[in-house]
S.K.: 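Quick one: the structure is below, questions incoming.
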Amino acid sequence: MAKRIYVADDEKNICFLIQNFLEKEGFEVRCFEDGESILAACEEQMPDLCILDVMMPGMDGLTVCTRIRQKSHVPIIIVSAKDSPLDRITGITLGSDDYLVKPFLPLELVTRVKALFRRVDAFSGQEEENSENLELGDIVLYPGRRTASLKGEEFALTPLEFDFLRHMLEHPEHAASRDDLLKALWKVDSKEVDTRAVDDMVKRLRKKMKEQNSAVKIETVWGYGFRLTAGGDE
């Protein structure tokens with residue numbers, strides 16, 4: 001069965017170009033001219049992947065990304081004319097899985113789409129069964145499914161939050177510097193962007209964990225970075 005892709009861009013020629021190239025690769029594609037339309041379609045039936053332009057009339061792509069991510073882990077690619085490291089970090093922090101700068105080659109977008117689907121498919125079947133779970137206190141990560149549980153219940157995480165916890169749990173008892181986290185999660189250097197991007201993400205994740213009364217804490221190592229512990233004060 002063909003993978004279903006939703007594309008939102010108010011520039012009809014770009015939508016047509018993207019649709020044409022993706023359909024040639026066997027994907028089923030629907031195009032939308034604004035954020036409200038694609039969000040309504042997602043409410044009816046979630047696609048296998050979303051491609052969102054940032055600048056659209058009405059609801060912008062970043063808002064749509066946030067709204068979709070509240071309900072689904074569907075892969076999301078942000079496309080935008082803005083290409084600063086901070087813009088890329090904003091998109092990924094809000095829950096997108098990739099960020100592509102306009103103008104781009106259609107074949108590059110096709111390659112990114114296929115790569116995301118390969119990553120999703122790689123976490124299914126036998127590979128999922130063989131993946132090792134990561135655990136600390138009352139939080140368990142299941143890398144094969146890219147899901148998490150807290151106190152035995154599903155714990156909803158954005159892709160970035162999941163990757164942060166995975167990175168920390170794969171390096172137990174070690175503090176991670178802000179620079180290391182920027183390179184590991186955002187793929188940028190601290191010389192390019194303010195390290196407050198890391199602090200903002202940690203602040204949101206701390207709030208989410210506190211609301212669920214998790215015993216796991218994200219401790220601040222002042223002047224350096226962060227460390228996970230199974231309890232105690234920050």
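Note that the structure is a prediction, hence the values are computed from the model and not measured.
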S.K.: Which residues pass the salt bridge (Lys or Arg N to Asp or Glu O under 4.0 Å) test with Asp98, not counting sequence neighbours?
M.R.: Arg112
S.K.: Sort out for me which residue in Asp97, Val113, Ile5 forms a side-chain contact (heavy atoms from CB on, under 4.5 Å) with Pro75.
M.R.: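 So, applying the side-chain contact (heavy atoms from CB on, under 4.5 Å) to Pro75 and each of Asp97, Val113, Ile5, only Asp97 qualifies.
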S.K.: List for me each residue that meets salt bridge (Lys or Arg N to Asp or Glu O under 4.0 Å) alongside Asp163, sequence neighbours excluded, and say none if there are none.
M.R.: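 Scan of Asp163 (salt bridge (Lys or Arg N to Asp or Glu O under 4.0 Å), adjacent residues dropped) gives Arg146.
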S.K.: Is the Phe21-Phe27 ring centre distance short of 6.0 angstrom?
M.R.: no
S.K.: Is Lys102 salt-bridged to Asp9, cutoff N-O under 4.0 Å?
M.R.: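 Here Lys102 pairs with Asp9 in a salt bridge, since their nearest N and O are under 4.0 Å apart.
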S.K.: OG of Ser37 to CE of Met56: how many Å apart, nearest 0.5 Å?
M.R.: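 Atom-to-atom, Ser37:OG and Met56:CE are 9.0 Å apart.
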S.K.: If you count the non-hydrogen atoms of other residues, nucleotides and ligands that lie under 6.0 Å from CZ in Phe16, is the total more than 12?
M.R.: no
S.K.: Distance check, rounded to the nearest 0.5 Å: Asp53 atom CG versus Phe32 atom CZ?
M.R.: 14.5 Å
S.K.: What heavy-atom pair brings Tyr6 and Cys42 nearest, and what distance separates the two atoms?
M.R.: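 Looking at all heavy atoms of both residues, the shortest contact is CD1-SG, 3.8 Å.
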S.K.: Would you mind telling me which of Asn133, Leu136, Val216, Val140 makes a side-chain contact (heavy atoms from CB on, under 4.5 Å) with Leu169?
M.R.: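 So the option named by the test is Leu136.
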S.K.: Have a look at Glu170 and tell me which of His174, Arg166, His167 forms a side chain to side chain donor-acceptor pair (under 3.5 Å) with it.
M.R.: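 When side chain to side chain donor-acceptor pair (under 3.5 Å) is applied between Glu170 and each of His174, Arg166, His167, only Arg166 qualifies.
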S.K.: Is a salt bridge present between Lys3 and Glu28, judged by a nitrogen-to-oxygen distance below 4.0 Å?
M.R.: no
S.K.: Can a salt bridge be assigned to the pair Glu161 and Lys208 using a cut-off of 4.0 Å between side-chain N and carboxylate O?
M.R.: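 Yes, this pair counts.
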